[in-house]
Amino acid sequence: MPDDDEISPYAMLAEPSEEINQLSRRVIGICIGIHRALGAGLPEEAYEEALSMEFDVQGIRYERQYRIPILYKGRCVARVRLDFLIDSMLVLEAKSVDALTPIDRRQVLRYLEVTKLPLGLLVNFNVVLLKEGIRRIIRSEPIS
């Protein structure tokens, strides 16, 4: 722990804007509503379709299965798909698995690095209480 006169190594990390934080809270609320209605144990596609329906009803702009290129030495070596790119500023990955793994978290972090977005949500719908399945992932890049 730094002394009072020391600067924390985390002090200069980028934090999501209030606009992005508000959007993420809204999306989390939608996820909770879907989970209450559908429960756990369904395939990811069911939750993704329900999310699309709710985003449409609530007027939230999104792109589903948004493709991003992965570059190696300046050349595209693959294209990966984000489950959702919401309002061009938030990544949402929906899962329905027994447990989230470090690889799941790393996947979202990699998507944030590639898209240069500050915040992603990793949501596992296969839990008893959804709050146990929600992970906010922040791309920690120093402010320049």
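When a residue number appears, it is its place in the shown sequence, counting from 1.
In terms of the salt bridge (Lys or Arg N to Asp or Glu O under 4.0 Å) criterion, residue partners of D87 (sequence neighbours excluded) are, by chain and number, R61. Residues satisfying the side chain to side chain contact (heavy atoms under 4.5 Å, CB included) criterion with R136, sequence neighbours excluded, are P16, N21, S24, L119, L121, I138.
A 4.5 Å side-chain heavy-atom check between V123 and F125 finds at least one atom pair inside the cut-off. I60 is listed as a side-chain neighbour of I30, based on a closest heavy-atom distance under 4.5 Å. Between L23 and I86, the closest side-chain pair of non-hydrogen atoms falls below 4.5 Å.
Hydrophobic clustering, with ILVMFWY side chains joined whenever heavy atoms are under 4.5 angstrom apart, keeps L85 apart from I20. Hydrophobic clustering of Ile, Leu, Val, Met, Phe, Trp and Tyr side chains at less than 4.5 Å, counting indirect connections, keeps F55 apart from V91. L112 is not connected to I134 by any chain of hydrophobic side-chain contacts under 4.5 Å among Ile, Leu, Val, Met, Phe, Trp and Tyr, and they are in different clusters.
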Show which side-chain atoms of residues 44-54 pair as donor or acceptor with protein atoms under 3.5 Å away, not counting sequence neighbours.
| from | atom 1 | to | atom 2 | distance (Å) |
| --- | --- | --- | --- | --- |
| Y47 | OH | G39 | O | 2.6 |
| Y47 | OH | G41 | N | 3.4 |
| Y47 | OH | L42 | N | 3.2 |
| E48 | OE1 | Q65 | NE2 | 3.3 |
| E49 | OE1 | R64 | NH1 | 2.8 |
| S52 | OG | E48 | O | 3.2 |
| S52 | OG | R64 | NH1 | 3.4 |
| E54 | OE1 | Q58 | NE2 | 3.2 |

Side chains of residues 66-84: which donor-acceptor pairs under 3.5 Å do they make with residues two or more places apart or in other chains?
| from | atom 1 | to | atom 2 | distance (Å) |
| --- | --- | --- | --- | --- |
| D83 | OD2 | A94 | N | 2.8 |

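Atom OG in S17 sits 8.5 Å away from atom CD in Q22 (nearest 0.5 Å). Here the CG atom belonging to L109 is positioned 11.5 Å from the CD1 atom belonging to I103, to the nearest 0.5 angstrom. Here the CZ-CD1 distance, from R110 to I137, works out to 14.0 Å after rounding to the nearest 0.5 Å. Atom CD of residue Q107 and atom OG1 of residue T101 lie 8.5 Å apart, to the nearest 0.5 angstrom.
Within the structure, salt bridge (Lys or Arg N to Asp or Glu O under 4.0 Å) pairs that include any residue of residues 23-33 comprise E18-R25 (at least two apart or interchain). Residues in residues 117-126 take part in no salt bridge (Lys or Arg N to Asp or Glu O under 4.0 Å) pair, two or more places apart or across chains.
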Given salt bridge (Lys or Arg N to Asp or Glu O under 4.0 Å), test E113 with R106 step by step and report yes or no.
CA-CA 10 Å; E113 290 168 352; R106 181 68 190 131; 3.4 Å; yes

What's the verdict on side chain to side chain contact (heavy atoms under 4.5 Å, CB included) for V27 and L90, showing C-alpha distance, side-chain angles and the deciding distance?
CA-CA 10 Å; V27 169; L90 178 66; 4.0 Å; yes

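Remark: side-chain polar atoms of N124 are paired, donor with acceptor, to backbone N or O of V97 under 3.5 angstrom.
Contact detail for G133 and V127: the closest heavy-atom pair is N-CG2, 4.0 Å. In plain terms, the two heavy atoms of D104 and A99 that are nearest each other are OD2-O, 4.1 Å. Taking both residues in full, the closest heavy atoms of K95 and L122 are given as CG-CD1, 3.8 Å, listed atom of the first, atom of the second, then distance. Nearest heavy-atom pair across L117 and S88 is CD2-O, 3.7 Å.
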